[in-house]
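Let me begin by presenting the structure, written as structure tokens, before commenting on it.
In this text, all values refer to a predicted model and were calculated from it rather than measured experimentally.
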Amino acid sequence: MMRSRGRRSTPRAPKPRLLIVCEGKRTEPNYFEGFRKEHRNVIISVCESPGKTPIQIVRYAIEKADSLDIGKVPGDSAWCVFDVDDCMDKDMRKAVDMARGRLELAVSNPCFELWFLLHFTYIERRMDTCHEVIDVLRRHIPGYDKAGDHYDRLIHLAPAAIMNAERLERGRSGRGLEAYDRDANPCTGMHHLILDILSEQEKAIDKR
């Protein structure tokens, strides 16, 4: 008498993939590496763009996304993370046009450290250089070093950072400004990327 082989297990749906292409060599990759290690239900790939202008970063991200077939799996997304800081306005606008419909942008104005600062306080005073932002950030993270790994220190404060970033966004949107506009300083789109990671993680857990 043949034994029943039982039901075949239903194959698991592939995990969504999130590509993050950064301008920085250490600050941003170190931070996102914490998310990659903690959120295993989303495949997070973090890489540094060899070119540092917004146009070069977007172009590299498009090539990288195409090579990885980003968009093939439900929930896939590709992000560029870069600063307004010293870039030319015309280059920024061209990069935004190149990315439209293909990539998501997390632009920080003036720099990425503003996102870190918003974990500790809401600030709407204009800061024209990254040095200004870091000077304020060091009041909360003494001895702050761009090469350091700050994920563990910041992650429990992420809800506050998201709320502060949303508040800044409402202010600049009310004035008809985009994050990359000089007059939108200070603002950042980093909260959209973090919310994307958390959302895809929750969806993956719900599907179990």
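To the nearest 0.5 Å, the span separating CG on D135 from CD on E113 amounts to 11.5 Å. In this structure, CG on L177 lies 13.0 Å from CZ on R182, to the nearest 0.5 angstrom. Rounded to the nearest 0.5 Å, atoms CZ (R172) and CG (N185) are 12.5 Å apart. If you take CD1 on I20 and CG on L193, they are separated by 4.5 Å, rounding to the nearest 0.5 Å. Distance check: I197 CD1 to S199 OG gives 11.0 Å after rounding to the nearest 0.5 Å.
Remark: the backbone N or O of A65 is not paired with any side-chain donor or acceptor of R102 at under 3.5 angstrom. Counting only distance, with no hydrogens or angles, the side chain of N109 and the backbone of A179 share a donor-acceptor pair below 3.5 Å.
Legend: side chain to side chain donor-acceptor pair (under 3.5 Å) pairs involving residues 43-57, not counting sequence neighbours, sorted by first then second residue: E48-K52, T53-Q56. Pairs engaging residues 17-32 under the side chain to side chain donor-acceptor pair (under 3.5 Å) rule: R17-D76, Y31-W115 [sequence neighbours left out]. Screening residues 114-126 for salt bridge (Lys or Arg N to Asp or Glu O under 4.0 Å), with sequence neighbours left out, gives R126-D128.
We find that D181 and R93 are joined by a salt bridge, their nearest charged nitrogen and carboxylate oxygen being less than 4.0 Å apart. Salt-bridge formation is not detected for the pair K94/D97: no Lys NZ or Arg NE/NH1/NH2 atom is positioned less than 4.0 Å from an Asp or Glu carboxylate oxygen.
H39 has its side chain within reach of L198: a pair of non-hydrogen atoms, C-beta onward, lies under 4.5 Å apart. S77 is listed as a side-chain neighbour of D196, based on a closest heavy-atom distance under 4.5 Å. Taking 4.5 Å as the limit, some side-chain heavy atom of L114 sits within range of a side-chain heavy atom of M127. The closest side-chain heavy-atom distance from I141 to F120 is below 4.5 Å. Between K37 and Y151, every side-chain heavy-atom pair lies at or beyond the 4.5 Å cut-off. Using a 4.5 Å heavy-atom threshold, the side chains of P110 and E132 count as separate. Counting heavy atoms from C-beta on, the side chains of F32 and V81 come closer than 4.5 Å.
Ring centroid separation for the pair H140 and F116 does not come in under the 6.0 Å cut-off.
Closest approach of C111 to C130, counting heavy atoms only: SG-SG, 3.0 Å. What you find for S108 and T188 is that their closest heavy atoms are OG-OG1, 2.8 Å.
Both V133 and Y122 are assigned to one and the same hydrophobic cluster, defined by single-linkage of ILVMFWY side chains at heavy-atom distances under 4.5 Å.
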In residues 153-168, what donor-acceptor pairs under 3.5 Å come from side-chain atoms, sequence neighbours left out?
unit_1: H156; atom_1: ND1; unit_2: R153; atom_2: O; d: 3.4
unit_1: N164; atom_1: ND2; unit_2: L118; atom_2: O; d: 2.8
unit_1: N164; atom_1: ND2; unit_2: A160; atom_2: O; d: 3.3

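Side-chain heavy-atom separations under 4.5 angstrom define the hydrophobic clusters, and the remaining members of the one that includes I57 are L19, V21, I55, V58, Y60, I62, L68, I70, F82, V84, M92, V96, M98, L103, L105, V107, Y180.
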- prompt: After noting the C-alpha distance and the side-chain angles of Y144 and H150, does the key distance pass the side chain to side chain contact (heavy atoms under 4.5 Å, CB included) rule?
  reply: CA-CA 9 Å; Y144 171 80; H150 305 287; 3.1 Å; yes
task: Take I134 and T129 through the side chain to side chain contact (heavy atoms under 4.5 Å, CB included) test and state the conclusion after the steps.
output: CA-CA 9 Å; I134 290 176; T129 68; over 6 Å; no
message: Using side chain to side chain contact (heavy atoms under 4.5 Å, CB included), reason through K146 and F112 one step at a time and then give a plain yes or no.
response: CA-CA 10 Å; K146 290 179 74 70; F112 183 79; over 6 Å; no
- prompt: Run the side chain to side chain contact (heavy atoms under 4.5 Å, CB included) check on F35 and I194 step by step: do they pass?
  reply: CA-CA 9 Å; F35 283 95; I194 302 307; 3.7 Å; yes
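Annotation: side chain to side chain donor-acceptor pair (under 3.5 Å) contacts of R170 (sequence neighbours excluded): none.
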